[in-house]
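Working notes, structure below.
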Amino acid sequence: MGLSAAALLWGLPGLLLTIALHPALSPCPAQASVPAHRDYCVLGAGPAGLQMAYFLQRAGRDYAVFERAPRPGSFFTRYPRHRKLISINKRYTGKANAEFNLRHDWNSLLSHDPRLLFRHYSNAYFPDAGDMVRYLGDFADRLGLHVLYNTTIAHVTLNKDQRAWNGHYFILTDQKGQAYQCSVLLVATGLSVPNQVDFPGSEYLDGYESVSVDPEDFVGQNVLILGRGNSAFETAENILGVTNFIHMLSRSRVRLSWATHYVGDLRAINNGLLDTYQLKSLDGLLESDLTDLAIVKDLEGKFHVTLKFLLEEGNRSADAVPLPQDDNDNFALRVGYDRVIRCLGWNFDFSIFSKSLRLSAGGELSKKYPLVKASYESKGSRGLFVLGTASHSVDYRKSAGGFIHGFRYTVRAVHRLLEQRHHGVTWPSTKHPITQLASAIIRRVNEASGLYQMFSVLADVVLLEENATAFEYLEEFPMQALAQLEAITGRRARHGLFVINMEYGRNFSGPDKDVFFYDRSVGHTEDAWLSNFLHPVIYYYRHLPTEQEVRFRPAGWPLPRPTAIHHIVEDFLTDWTAPVGHILPLRRFLENCLDTDLRSFYAESCFLFALTRQKLPPFCQQGYLRTQGLVGTESLHQHGVESGLLWDYATVGRGVSGQQPGDHGPGQHPLAPGPPVSPFDSNKEEL
């Protein structure tokens, strides 16, 4: 019924009432455009997005994942182009410990469901990308994650509102114009924009993202590949056996992952061209800045490399442009090429984000990655976090944060931060008596996957209680955010702390390093600080470092200079359980830092110490005096006597070594446990 009809039926009063009520009675465009609200919005249903969704769902949070494709893992439906992943799928380790096994499983996400381990999806050591797509689909379906498929977020901006958690909401608009309002934005879109270098003739290039993967298309051709990473070598490996030759050109020398200890550098599975180059089988590698070059095409359709300054504006024919070989007939790239392929990696897609979010500062690295803090929060917008591959600026070319086996742990760290910030849930920790400190550290360095994969990035933190009687153990905290530990975790660090980290030797990794030199391994505990291979390093601080100290830490150090530092000597088996080589030096270091005795004792020894010492070791204070300890038996006592750990008081009563009953020697009490025992004597009283 129209407004004029209502006036005829109701008269003037009815007309006035209708005008007053009309906005409430009719469908309201303003209400229809009110964005749907979510506390947490996750962009992208790749591995990082699904991993965060899992943690949010387990915590019972209000969230949604936005995915432009009809299923998860859309990146892996196309990449890598030749379908073989370079993330290892080690199904057998000889160990039953699930956490340890994740050290060598580079594809599984974290979950409580043992069926969702990648080893159930592929038997291959280097799996097919299709297996990853299938795995991610099952991960989302079996866990019932809230994913909005076929939803492309086209624009992201801010709406300031003091009622919001961070002083603003994030407004997401999809391809249909539907708006969503989010308190926290978690960007897990990966790197999706091909990196391109703009130089004359770049329009002639085939991109990695579109070049043919059929080797038959390259039979008998001369091929030039621009790039020096895994995508370039993957492409070369695919056509190595059918081309005349392959030349590879890049501005930097090749970086081999086994030399740099960075999994993003060239992996052995793709480096066949290095053999053919060094064994002089026509293929070759060259270094040059691509921005100084140009590509020209001759009348026969062949491509030639020349120098940019030789080009005359408007004429790019090889028949008219001077070529370097005109002056230097030994110019390396004087041959013509049938194909020039661009394999220069990927960049983050900044195009959908409003400039008000300040995700990029325009620097060289910030063109590839968004600007984030050590906590993975954007430097420009509070409440915006970057996850997964796109967060790799924190540890680029250092650790594994750009890959599943690394960022599954950094995503968990971000979730723990969010739980404390917005829900008052403190960072998970366990509390133990101080006597268990060495064993807690030994267990983690031998089992923990997060420390092992995110070396020099994530670390365990031990917070000491007053008088060092007990400690709290926090796992996998971002090391460079150590100064903000109390705010991020909700825990107090007022009585000193230890930081447990894994590190390579400082001068061992690099593209120019010989990592196979003769004396590369260290075996003696006194030389532990010279260890080259991955090994545990423990930092002790009397006080929590300040932001200034973290920022201006010594070059090459992951943390500021500590009060004391201890290296556990590297181990060929990565098994740091040797009583003398690993555990004893660690215990002595902890005792020196804490000025206390961390050994364990029999109840009988604690009884004797109570009669002969003013201060008892913590084990006796926390165990024996509280009637909590190892109960003695006749056989246990006899074992202690035979091993030299206990005094045979029956023999003392009869007299030994010429002593008569009651002759206890100078200053020795008849109930004393024998000669004074140094707290650092590993052969006495220690269990």
Side-chain angles (χ1 to χ4, degrees), residues 27-75 136 139-141 143-190 192 348-360 370 372 376-378 380-388 390-391 411 414-415 417-419 421-423:
C28 179
Q31 286 183 339
S33 64
V34 172
H37 179 81
R38 291 288 183 272
D39 288 343
Y40 297 94
C41 292
V42 182
L43 294 189
L50 295 182
Q51 186 68 86
M52 177 54 78
Y54 168 76
F55 291 126
L56 292 171
Q57 181 141 313
R58 292 283 285 180
R61 304 305 173 200
D62 174 41
Y63 79 94
V65 182
F66 299 88
E67 170 56 45
R68 63 184 177 183
R71 57 181 176 174
S74 59
F75 180 86
L136 295 176
F139 190 90
D141 293 342
L143 297 172
L145 304 181
H146 304 153
V147 184
L148 301 178
Y149 296 110
N150 299 307
T151 304
T152 302
I153 298 302
H155 187 63
V156 181
T157 189
L158 285 177
N159 181 21
K160 293 188 179 297
D161 191 323
Q162 292 305 313
R163 296 169 297 176
W165 288 351
N166 297 293
H168 51 249
Y169 290 111
F170 298 95
I171 306 300
L172 283 56
T173 307
D174 68 15
Q175 78 276 23
K176 298 178 181 178
Q178 172 67 47
Y180 304 87
Q181 176 178 277
C182 316
S183 297
V184 174
L185 179 60
L186 300 152
V187 179
T189 53
S192 58
F348 181 77
D349 185 1
F350 292 94
S351 65
I352 67 170
F353 298 94
S354 167
K355 290 184 178 179
S356 62
L357 297 173
R358 295 181 293 172
L359 273 180
S360 174
V372 296
Y376 302 95
E377 187 169 21
S378 167
S381 299
R382 180 177 171 84
L384 190 159
F385 291 82
V386 181
L387 310 177
S391 69
V411 169
V414 170
H415 177 255
L417 179 157
L418 293 170
E419 285 290 292
R421 178 184 290 184
H422 298 303
H423 309 288

Which value, rounded to the nearest 0.5 Å, describes the distance between [X] atom [atom1] and [Y] atom [atom2]?
| X | Y | atom1 | atom2 | value |
| --- | --- | --- | --- | --- |
| Tyr376 | Leu186 | OH | CG | 14.0 Å |
| Ser360 | Phe353 | OG | CZ | 12.0 Å |
| Tyr40 | Trp165 | OH | CH2 | 4.0 Å |
| Gln51 | Phe139 | CD | CZ | 5.0 Å |
| Cys41 | Phe66 | SG | CZ | 4.5 Å |
| Asp349 | Ser192 | CG | OG | 4.5 Å |

Which atoms form the tightest heavy-atom contact between [X] and [Y], and what is the distance?
| X | Y | value |
| --- | --- | --- |
| Ser354 | Ser356 | OG-OG, 2.9 Å |
| Leu145 | Gln57 | CA-OE1, 3.8 Å |
| Ala188 | Gly49 | CB-N, 3.6 Å |
| Gly380 | Arg358 | O-NH2, 2.7 Å |
| Leu50 | Leu136 | CD1-O, 3.6 Å |
| Ala69 | Ser74 | CB-CB, 3.5 Å |

Take Leu185 and Leu172 through the test side chain to side chain contact (heavy atoms under 4.5 Å, CB included) and record every step on the way to the result.
CA-CA 9 Å; Leu185 179 60; Leu172 283 56; 4.1 Å; yes

Kindly say whether [Y] contributes a backbone atom to a donor-acceptor pair with the side chain of [X] at under 3.5 angstrom?
| X | Y | value |
| --- | --- | --- |
| Asp39 | Asp62 | no |
| Asn166 | His168 | no |
| Arg61 | Leu56 | no |
| Glu377 | Arg382 | no |
| Ser378 | Ser381 | yes |

Ring centroid separation for His37 and Tyr180, is it under 6.0 angstrom?
no

Around atom CZ of Arg71, are there more than 12 heavy atoms from other residues, nucleotides or ligands closer than 6.0 Å?
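At most 12 heavy atoms, drawn from other residues, nucleotides or ligands, come within 6.0 Å of this atom.
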
Does a side-chain heavy-atom distance below 4.5 Å link Arg421 with Leu417?
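Sidechains of Leu417 and Arg421: in contact.
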
Tell me, do Leu357 and Phe170 make a side-chain contact under 4.5 Å, heavy atoms counted?
yes

How would you list, by chain and number, every residue that makes a salt bridge (Lys or Arg N to Asp or Glu O under 4.0 Å) with Arg68, sequence neighbours excluded?
none

Please assess Met52 against His415 for the test side chain to side chain contact (heavy atoms under 4.5 Å, CB included), listing each intermediate value before the final yes or no.
CA-CA 7 Å; Met52 177 54 78; His415 177 255; 4.1 Å; yes

Can Lys176 and Asp174 be counted as an ion pair, charged N to O under 4.0 angstrom?
no

Kindly list each side-chain donor-acceptor pair under 3.5 angstrom involving residues 146-160, sequence neighbours excluded, with atom names and distances?
| unit_1 | atom_1 | unit_2 | atom_2 | d |
| --- | --- | --- | --- | --- |
| Thr151 | OG1 | Leu148 | O | 3.4 |
| Thr151 | OG1 | Tyr149 | O | 3.1 |

